[in-house]
Each structure stands twice: as C-alpha cells, then as structure tokens.
Amino acid sequence: MAAMRAHGALRLGGSLGLSVAGAESNVAIGLARLGHRVRWAGRVGADELGALVLRTLRAEGIDTTYAVTDDTGRPTGLLLTEPRLGTLTRVSYYRAGSAGSAVSPADVLPALASGARVLHLTGITPALSPSAAEAVLTAATKARDAGITVCLDVNYRSRLWTADRARTVLRPMTAHTDLLIASEDELPLLLERPDADESEAVQSLLAAGVGEVVIKRGARGATSFTADGATDCAARQVDAVDLVGAGDAFVAGYLSGLLGGTDTPARLHRAVTTAAFAVATRGDWEGLPTQDELGLFDQPDGTTIR
C-alpha cells in the first residue's frame, strides 16, 4: 500500500511525504537488501499509487511477476502516520475496499508453485477481508505440504480487527506454521486460554506443531523457543528515532539468518541488528541495511567511513 507520513498532527495540516508501506513489503525489502532472492505476491490498484508500490519493490530487487493489478476499480490501500509524542506514532488505515483486501488464493498460489524456500505471512492480511484470510490460510497449508518453511508474524493491528476476531482466524493457522514470531502481548491471540502465562503459551504452540516460537521484546531483545530450549539475545543499544517498522526489520534479519543456515544465536543477533537500523532511521524500510552495512553498529561513535 501507499504511505503518507506527516511531520506533525494531521488535523493541523501541512506537508506529507509519500512512500510505500506494508509489513510484508518491509520484510521483502529487508531480505533483498541482505542479498536474498525475494518474490512478492499481492494486489495493487490500477492507479498511480499501485504503480509506485510496484516500482519501489522492483527498484529494491524484488520479483513482482506474481503481483496482480486490480482492474475492477478498487484503489491501492493507504495509511497515514503522524508523530504524536516522542517516538509514539499514530497510524490510520484506509484499506476497506482496497485492491489488497480483495486478494484471494488464486493470486498467491502461483508464486509458491514456482519454487520457494520460505513463505512469509503476517496477521495483517487476514484482517482485511474473508478472501484475504482464505488466501493466507490456503497459502500456509499448501506451502507446508510442499515442504516450504512457513513463517507467521502475528502483527496484530487493533484498528483493523478485534482481538476475538483475530484469535478466531489466527489460531487455525498455527497448525501450518513452522516459525511463529510475535511480541509478548500478541501471544494470547493464538491460545485457547488467553490468560496462560508465557511459558504455557510457548509450550502449547510447540505442542501444536509450531517448530519455533520467537518473541520480540523491543528494547529488551528477543527470545527463541524450540523443543531444545530457549535462546535469549539482548537488543542493540541505539538512539530511537522512529519505531515503526522495527518488527518487520527484525523478521527480515531473522529470516536472513535462517536462509543463510546460521544457528539460533546468530539469527537473533542479525535480527536485533536490522531492527536497530530501523529504529535509528525514519521510515518503515528506508534505513534497512545491506549485507556490508551490518557491521556499522560495531564501529565507534563518531566514525566517518571515507
């Protein structure tokens, strides 16, 4: 979708910066910058904003062969962001009736048929419409049956649906998920007993067939849980500028490590590093690093690379 970013309160007017956004797009860009082959499947409107989305993805080296341009008049989705207090940002969505909300299984399955190692999905897409929810569940089912690793980032958006509705739709998806990524407050959305503590929640998900549960803890780092135990990783210390997109950057870093065959500690370290790049720069994806920039956080403060 397109993104309009305000420099102050929207009600006061002023200029807006135009870019693109979307959790899956952010992850795709993050992975492409780290040197991975990435394919994006979805729908955009037959309008200038849709052209901007596809142009941006292609410019970042992402394969858009399976992107569908909606010819029924549905517009490209839009979000507006406004800074309200420090790093607190308010987001308004305009996605009802959008091209993206009409995505269906027929739009995404061809991308799987052409071969993939990992399918990345979020809990945002199924919030858009029944057909979008069907597309996500069908893709996860087909991918897992084909031996493709299925990654689900819960990414709950309270402005798109209620917690009860999210729980109803997302819980069945755990049966088809290999790698589940969630923040601490999102875990209850996947459980029959929302009041279960973290340990019970993780064990319940692993028992249901999820191979790995990764919990994002923000400034406190992250933890990976498997049947073999837990692995913790501290966050990288950085002055936060913009927190939007940090979770997607984390996912991109983690999947990059997974695709590269690294062990869990190395995957977590790469994930918190890419997340640090995101919060240290403005925009959802603009500040994400390339492979040769991952080591910049290890340079002393004030370093100038000439």
Student check: side-chain heavy atoms of Ile29 and Asp248 closer than 4.5 Å: no

Worked verdict on Asp70 versus Thr72 for side chain to side chain donor-acceptor pair (under 3.5 Å): CA-CA 6 Å; Asp70 192 295; Thr72 66; 2.4 Å; yes

Lys216 and Asp153, any side-chain heavy atoms less than 4.5 Å apart: yes

Heavy-atom donor-acceptor pair, Glu200 side chain to Asp197 backbone, under 3.5 Å: yes

Which atom of Ala41 lies closest to which atom of Ala111, heavy atoms considered: CB-CB, 4.0 Å

OG1-CG distance between Thr262 and Leu268, expressed to the nearest 0.5 angstrom: 9.0 Å

Any donor-acceptor N or O pair under 3.5 Å, side chains Ser25, Trp285: no

Side-chain heavy-atom pair Arg220, Glu184 within 4.5 angstrom cut-off: yes

Check: Arg37 side chain, Asp63 main-chain N or O, donor-acceptor pair, under 3.5 Å: no

Hydrophobic cluster membership, Leu259 vs Leu121, 4.5 Å side-chain cutoff: no

Side-chain donor/acceptor of Arg159 to backbone N/O of Val91, under 3.5 Å: yes

Inter-residue atom distance Asp185.CG - Leu189.CG, 0.5 Å rounding: 8.0 Å

Closest contact, heavy atoms only, Ala6 versus Pro83: O-CD, 3.3 Å

Asn155 side chain to Gly123 backbone, donor-acceptor under 3.5 Å: no

Separation of Asp228 CG from Leu206 CG (nearest 0.5 Å): 10.0 Å

Pairs involving residues 19-28, ordered by first then second residue, that meet salt bridge (charged side-chain N to carboxylate O under 4.0 Å, His left out) (sequence neighbours left out): none

Thr177 side, atom OG1; Leu119 side, atom CG - distance, nearest 0.5 Å: 9.5 Å

Within residues 45-56 or reaching into it, pairs that qualify as side chain to side chain donor-acceptor pair (under 3.5 Å) - sequence neighbours excluded: Asp47-Thr76

Worked verdict on Leu10 versus Leu16 for side-chain contact (heavy atoms from CB on, under 4.5 Å): CA-CA 9 Å; Leu10 285 171; Leu16 294 166; 3.8 Å; yes

Residues which pass salt bridge (charged side-chain N to carboxylate O under 4.0 Å, His left out) with Glu82, listed by chain and number, not counting sequence neighbours: Arg90

Stepwise side-chain contact (heavy atoms from CB on, under 4.5 Å) test for Leu49 and Leu18: CA-CA 9 Å; Leu49 296 181; Leu18 175 61; 4.1 Å; yes

Contacts of Glu198 that satisfy salt bridge (charged side-chain N to carboxylate O under 4.0 Å, His left out) - sequence neighbours left out: Arg217

Closest approach of Ala132 to Ser101 (non-hydrogen atoms, all atoms of both residues): CB-O, 4.1 Å

Leu205 and Phe225, any side-chain heavy atoms less than 4.5 Å apart: no

Close side-chain approach of Leu255 and Thr149, heavy atoms under 4.5 Å: no

Any side-chain heavy-atom pair of Met1 and Leu78 under 4.5 Å: no

Whether Thr274 side chain and Ala249 backbone form a donor-acceptor pair below 3.5 Å: yes

Hydrophobic cluster membership, Leu191 vs Met173, 4.5 Å side-chain cutoff: yes

Neighbour count >12 (heavy atoms, 6.0 Å) for atom CZ, Arg171: yes

Residues Thr89, Leu243; criterion side-chain contact (heavy atoms from CB on, under 4.5 Å); working and verdict: CA-CA 8 Å; Thr89 300; Leu243 301 183; over 6 Å; no

Thr273 side chain vs Leu294 backbone, donor-acceptor pair below 3.5 Å: no

Residues that Asp145 engages under side-chain hydrogen bond (donor to acceptor under 3.5 Å, both in side chains), provided they are two or more places apart: none

Qualifying ring pair (Phe, Tyr, Trp, His ring centres under 6.0 Å) pairs, either residue in residues 231-279, two or more places apart: Phe277-Phe297

Side-chain ion pair, Arg236 and Asp298, N-O less than 4.0 Å: yes

Shortest non-hydrogen contact between Ala278 and Leu288, atoms and distance: CB-CD2, 4.2 Å

Ile215 CD1 to Ile181 CD1 distance, which is reported to the nearest 0.5 Å: 11.5 Å

Single-linkage hydrophobic cluster Ile62~Leu52, side-chain heavy atoms < 4.5 angstrom: yes

Pairs involving residues 264-279, ordered by first then second residue, that meet salt bridge (charged side-chain N to carboxylate O under 4.0 Å, His left out) (sequence neighbours left out): Glu212-Arg267

Path from Val244 to Val251 over hydrophobic side-chain contacts below 4.5 Å: no

Residues in side-chain hydrogen bond (donor to acceptor under 3.5 Å, both in side chains) contact with Tyr156, at least two apart in sequence or another chain: none

Minimum heavy-atom distance Leu31-Ser256, with the two atoms named: CD2-N, 3.6 Å

Pairs flagged by salt bridge (charged side-chain N to carboxylate O under 4.0 Å, His left out) wherever residues 27-36 is involved - sequence neighbours left out: Arg33-Glu60

Ser224 side chain to Val214 backbone, donor-acceptor under 3.5 Å: no

Sequence neighbours excluded, every pair satisfying salt bridge (charged side-chain N to carboxylate O under 4.0 Å, His left out) that has a member inside residues 275-288: Arg5-Asp284, Arg5-Glu286

For Asp164, all residues meeting salt bridge (charged side-chain N to carboxylate O under 4.0 Å, His left out), sequence neighbours excluded: Arg167

Distance in Å, His176 NE2 paired with Asp178 CG, rounded so as to fall on 0.5 Å steps: 11.0 Å

Path from Val118 to Trp40 over hydrophobic side-chain contacts below 4.5 Å: yes

Closest non-hydrogen atom pair, Pro126 against Val136: CD-CG2, 3.8 Å

Verdict with reasoning, Glu134 to Ser104, per side-chain contact (heavy atoms from CB on, under 4.5 Å): CA-CA 7 Å; Glu134 181 186 5; Ser104 69; over 6 Å; no

Validation row: Ile124, Arg157 side chains within 4.5 angstrom (heavy atoms): yes

Set of residues satisfying ring-ring contact (aromatic ring centres under 6.0 Å, His included) with respect to Tyr94, sequence neighbours excluded: none

